[in-house]
Amino acid sequence: MRHTVRRALRSSLLELGSGTKAELSDKLGISFPTVGKVLEQMKQEGEVTLLGLDESSGGRRANRYAFNPDYMLGLAVYYKKEQSVYTLFNWNGDLIERTVKTPYSIADRRLLHPAGKLDPELPENPFDCRWLAGRRS
């Protein structure tokens, strides 16, 4: 149940940009205490951030929450001609870092080995994804 509530809160915060416990509870039809408990857990884990207090409407000022776009990051890797391009982005799609690498040559492979020999651990194909991901078959 909490996973479903968490997913609904995440979607609503992404759609609305921010929200209070009461706004999210009304929008989702989930009880105020349940929204509060799950939001607090998400806040402790860094998934949502507390933006501050709303203006008072006569009573206690409500906390306003927003989804933390840097909570989860994505990595896109693609190859073009003689290069591999690594792009790191956040949940909003904002670019965090882009790195372009060219394949290493035989000379580079010798430099990577302490004895100046060809390092047997490096694959013949510098774009071997299994090696880049730390997996060898």
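- Formation of a donor-acceptor pair under 3.5 Å by the Asn68 side chain with backbone atoms of Thr49 is not found in this model.
- The closest donor-acceptor contact from the side chain of Thr34 to the backbone of Ile30 lies at 3.5 Å or more, if one exists at all.
- In this structure, Val85 is not a member of the same hydrophobic cluster as Phe89, with clusters built from ILVMFWY side-chain heavy atoms closer than 4.5 Å.
- Although no hydrogens or angles enter the test, the distance criterion places a donor-acceptor pair under 3.5 Å between the side chain of Arg61 and the main chain of Asp54.
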Any chance you could lay out the side chain to side chain contact (heavy atoms under 4.5 Å, CB included) test for Leu95 and Thr87, step after step, and finish with the verdict?
CA-CA 7 Å; Leu95 177 68; Thr87 305; 3.4 Å; yes
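- With sequence neighbours excluded, the residues that form a salt bridge (charged side-chain N to carboxylate O under 4.0 Å, His left out) with Arg6 are Glu45, Glu47.
- There is no path of hydrophobic side-chain contacts, each under 4.5 Å, that joins Val38 to Phe32.
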Please step through side chain to side chain contact (heavy atoms under 4.5 Å, CB included) for the pair Asp70 and Asn92, ending with a clear verdict.
CA-CA 8 Å; Asp70 293 328; Asn92 288 340; over 6 Å; no
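- Atoms CZ and OH, on Arg98 and Tyr86 in that order, are 13.5 Å from each other to the nearest 0.5 Å.
- Side-chain N or O atoms of Ser25 include none that pairs as donor or acceptor with a backbone N or O of Lys21 at under 3.5 Å.
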Could you walk me through whether Tyr71 and Trp91 pass the ring pair (Phe, Tyr, Trp, His ring centres under 6.0 Å) check?
CA-CA 8 Å; Tyr71 176 69; Trp91 190 271; 8.2 Å; no
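- Under the 4.5 Å side-chain heavy-atom criterion for Ile, Leu, Val, Met, Phe, Trp and Tyr, Tyr65 and Met72 are members of the same hydrophobic cluster.
- Residue Gly17 comes nearest to Ala66 through the heavy atom pair O-CB, 3.5 Å, listed as atom of the first residue, atom of the second, then distance.
- A distance of 4.5 Å separates CG of Asn90 from CG of Asp94, quoted to the nearest 0.5 Å.
- Taking 4.0 Å as the cut-off between side-chain N and carboxylate O, Glu40 and Lys37 do not count as a salt-bridged pair.
- The shortest heavy-atom contact between Leu16 and Lys27 is CD1-CD, 3.8 Å.
- A donor-acceptor distance shorter than 3.5 angstrom exists from the side chain of Glu23 to the backbone of Thr20, with no hydrogens or angles considered.
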Assess the residue pair Leu75 and Val77 against the criterion (side chain to side chain contact (heavy atoms under 4.5 Å, CB included)); give the C-alpha distance rounded to whole Å, side-chain angles, the decisive distance to 0.1 Å, and a yes or no.
CA-CA 7 Å; Leu75 174 66; Val77 180; 3.9 Å; yes
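- Once rounded to the nearest 0.5 Å, the distance linking NZ of Lys101 with OG of Ser84 reads 7.5 Å.
- In the hydrophobic clustering of this structure, Leu51 does not group with Val48; members are Ile, Leu, Val, Met, Phe, Trp, Tyr whose side-chain heavy atoms approach within less than 4.5 Å, directly or through other members.
- To the nearest 0.5 Å, atom OG of residue Ser12 and atom CZ of residue Phe67 are 12.5 Å apart.
- To the nearest 0.5 Å, atom CG of residue Leu39 and atom CE of residue Met42 are 6.5 Å apart.
- Val35 and Leu53 are assigned to two separate hydrophobic clusters, defined by single-linkage of ILVMFWY side chains at heavy-atom distances under 4.5 Å.
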